[in-house]
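This structure is a prediction, so every number in the text was calculated from the model and none was measured.
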Amino acid sequence: TIRPVRRSYYDPSSAPGKGVVWEWENDSGSWTPYDMDVGITIQRAYEKQHPWVDLSAIGFCYVIDFATMGQINRQTQRKRRVRRRLDMVYPLVSGTLPKSQSWPASPGAAAAPPVPACACPQCLLVMSVKATVSAAGPGTATLQSRKAPAVPPAAPKAPAPAPGTKAPDSMAAVRGSLKPLAAQGSRRQAASTPALSSASSNASPPGTGSGKASRPGLGTLNRNHLQRLAIAQSRVLIASGVPTVPVKNLTGSSPVNPALAGITGILMSAAGLPVCLTRPPKLVLHPPPVSKSEIQSIPGISHTCRKTTKKQAKKGKTPEEVLKKYLQKVRHPPDEDCTICMERLSAPSGYKGPQPAIKPDLVGKLVKCGHVFHLHCLVAMYNNGNKDGSLQCPTCKTIYGVKTGTQPPGKMEYHIIPHALPGHSDCKTIRIIYNIPPGVQGPEHPNPGKSFTARGFPRHCYLPDSEKGRKVLKLLLVAWDRRLIFAIGTSSTTGESDTVIWNEIHHKTEFGSNLTGHGYPDINYLDNVLAELAAQGITEESLAQEKD
């Protein structure tokens, strides 16, 4: 298993640069430090003397109150104590690192007996770059091995260029030296001699090497040297016309992807090609903080909040009375199967459950789509559903009447915030906030009388404040009133049963990114969600019905 690691640098003026640590009190009474990025955000607000800071902008549903030094959960309103303490300035550590885990601190440390190194292209490349930085000055950089003298020699001078030729720069020399290293790394000889010695053996006369090639000047290496070398090498190669092959983000859940990016970069560098390794984008779930004065109501839509209560069932009509509106009786059934019971339509219904008050051999045809079923089967299907006066063809999903769902009671808020979504820079954003509390399942739910959970609420969703975005919002309000946005079932992500889940109408829950596929930009989203709403029987005609 290959996992990526990273090393972070922080500004000296930030919380870790000053040694400031923010912690919260856990249930056992001990203190747990916040993640580094969270601590930096809290410290920045503290230094600006803000009375509080909302962490929802960085993906956490908490508010830190500096007056009471408390953390408040915005969803449950639970409070915890927080504290600010001074620690060692990051990244200082106590004690010394083991020698095997640290670079040589001086040239004397580098002169210790060498340990046989790996002969893979990665190690050869790293050693060649380090040797180049330590041996090369402003002029030519070489990787020729030298016999270790008693006194370290001065840096070699660059050879004078021939008349009429251009003086080679250090980056060109590095590129030329990397090619034989890559070729030798692919052979990977099984000898026990050090990798650097074998890599540079072609530059040493036979019989002069002692088999203990030292690593000259490793103590003088630092990050800035390597950065300057890499940048200069890329510039020289690009200017010389060498094709550049950028290594972009390899998105996905597989842990091999970062390794593939690194290996690709190593091999391309060894071949003399410049590499562009980019950092993966950050997940941006929420917009920047918005004050109440910046929130606006949506023109053409009354109110900014809508609630649902218990199901309003249509009473007074039996299943037979409901089906009469949508069916025509068929005297001579066709020679085909009923797709509900899978028996021939010419034979009685094969439904074995509670018997409705209707003859099992009667056959009916739905008036819109024309599909034919046993009336006995249709009544049984209706009784097993929501019994809301609507019917959906089991073959083509055509909806008869007004379809409603089993969404638990909750609240839907909607308003405009002064920020633009990626891909919609010409308009502001509609923010929708769904909030459904946990409760007990009713008779229309999978397990009546059993409690259900509601994870991840309040859920924030986003639409562009465009003409089509407002149209989608109006239809979502109809879907909310008809209790079709959510349902109770088994979560496809966590596997938890008896919990509130989305009900086949996709929402965008990422504000400033699209890492999970639930964000922007997505040029097809509005059209896709309109199609999903239409599949639930919600179209522009539904808006007129709601007004009536």
Side-chain angles (χ1 to χ4, degrees), residues 306-328 338-340 356 364-375 377-412 414 432 434 436 441-446 448 452 461 471-490 492 500-507 526-548:
R306 195 165 294 191
K307 296 182 179 180
T308 57
T309 55
K310 294 292 184 181
K311 178 180 121 177
Q312 293 142 5
K314 295 184 178 181
K315 299 180 180 179
K317 290 187 177 181
T318 64
E320 292 80 4
E321 292 174 334
V322 171
L323 293 179
K324 280 182 181 179
K325 298 187 299 182
Y326 312 132
L327 285 171
Q328 293 177 345
C338 170
T339 56
I340 299 177
K365 180 176 71 173
L366 293 172
V367 293
K368 287 184 182 179
C369 60
H371 289 113
V372 183
F373 307 92
H374 289 120
L375 294 182
C377 295
L378 285 174
V379 171
M381 184 184 74
Y382 181 84
N383 285 332
N384 288 330
N386 205 20
K387 291 185 276 192
D388 57 357
S390 69
L391 184 71
Q392 188 167 15
C393 174
T395 301
C396 65
K397 307 303 180 185
T398 299
I399 296 174
Y400 295 82
V402 177
K403 179 182 178 181
T404 61
T406 60
Q407 176 180 290
K411 183 172 67 172
M412 174 185 181
Y414 40 94
I432 305 171
Y434 295 110
I436 295 180
Q441 299 181 52
E444 72 274 24
H445 293 136
F452 67 88
C461 308
K471 175 183 176 181
V472 169
L473 174 64
K474 292 177 182 179
L475 296 179
L476 287 176
L477 289 172
V478 175
W480 174 264
D481 291 338
R482 295 183 182 179
R483 305 174 70 209
L484 293 169
I485 301 290
F486 296 97
I488 295 178
T490 300
S492 60
V500 179
I501 59 175
W502 293 105
N503 188 35
E504 299 180 2
I505 301 176
H506 285 83
H507 286 64
L526 296 179
D527 291 328
N528 290 341
V529 74
L530 286 173
E532 292 173 345
L533 287 163
Q536 299 288 343
I538 300 174
T539 60
E540 290 188 73
E541 297 177 357
S542 305
L543 298 176
Q545 293 175 3
E546 292 294 316
K547 290 180 181 179
D548 297 340

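Within a 6.0 Å radius of NZ in Lys324, no more than 12 heavy atoms belonging to other residues, nucleotides or ligands are found.
The backbone N or O of Ala487 lies less than 3.5 Å from no partner atom in the side chain of Asn503, so there is not a single donor-acceptor pair. In this structure, the side chain of Glu532 engages the main chain of His506 through a donor-acceptor pair within 3.5 Å. Judged purely by atom type and a 3.5 angstrom limit, Gln392 has no side-chain atom pairing as donor or acceptor with the backbone of Ile399. His374 contributes no side-chain N or O that, together with a main-chain N or O of Cys338, makes up a donor-acceptor pair within less than 3.5 Å. Between the side chain of Ser542 and the backbone N or O of Val478 there is no donor-acceptor pair closer than 3.5 Å.
Salt-bridge check for Glu540 with Lys471: passed, with a basic side-chain N closer than 4.0 Å to an acidic carboxylate O.
Contact check for Gln441 versus Pro446: side-chain heavy atoms found under the 4.5 Å cut-off. At least one side-chain heavy atom of Ile488 sits under 4.5 Å from a side-chain heavy atom of Pro408. The shortest side-chain heavy-atom distance between Leu484 and Ile538 falls under the 4.5 Å cut-off. You'll find the side chain of Cys396 reaches within 4.5 Å of the side chain of His371, heavy atoms only. A 4.5 Å side-chain heavy-atom check between Ile340 and Pro394 finds at least one atom pair inside the cut-off. At a threshold of 4.5 Å between non-hydrogen side-chain atoms, the residues Glu444 and Arg483 count as touching. The side-chain heavy atoms of Leu476 and Leu533, taken from C-beta on, include a pair separated by under 4.5 Å. Residues Lys403 and Gln536 have side chains in contact (heavy-atom distance under 4.5 Å, counting atoms from C-beta outward).
Of all the heavy atoms in Asn383 and Pro319, the pair that sits closest is OD1-CG, 3.0 Å.
Residues satisfying the side-chain contact (heavy atoms from CB on, under 4.5 Å) test with Lys365, not counting sequence neighbours, are Gln328, Val330, Val372. Residues passing the ring pair (Phe, Tyr, Trp, His ring centres under 6.0 Å) test with Phe373: none are found, sequence neighbours excluded.
Atoms CH2 and NE2, on Trp502 and His507 in that order, are 4.5 Å from each other to the nearest 0.5 Å. Taking CH2 of Trp480 as the start and CD1 of Ile505 as the end, the distance is 11.5 Å to the nearest 0.5 Å. For the atom pair CD1 (Ile501) and CD1 (Ile485), the distance works out to 13.0 Å, reported to the nearest 0.5 Å. With rounding to the nearest 0.5 Å, the separation of CD1 in Ile432 from CZ in Arg306 is 11.5 Å. A distance of 13.5 Å separates OH in Tyr326 from SG in Cys393, rounded to the nearest 0.5 Å.
Cation-pi contact between Lys368 and Tyr400: present, with separation from the ring centre below 6.0 Å and deviation from the ring axis of at most 45°.
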Take Tyr434 and Tyr414 through the test side chain to side chain contact (heavy atoms under 4.5 Å, CB included) and record every step on the way to the result. CA-CA 9 Å; Tyr434 295 110; Tyr414 40 94; over 6 Å; no

For the pair Leu375 and Leu323, evaluate side chain to side chain contact (heavy atoms under 4.5 Å, CB included) and give the outcome as yes or no after the intermediate values. CA-CA 9 Å; Leu375 294 182; Leu323 293 179; 5.8 Å; no

Please report the C-alpha distance between Leu391 and Leu366 in whole Å, then the side-chain angles of each, then the deciding distance to 0.1 Å, and finally whether the side chain to side chain contact (heavy atoms under 4.5 Å, CB included) criterion is met. CA-CA 10 Å; Leu391 184 71; Leu366 293 172; 3.8 Å; yes

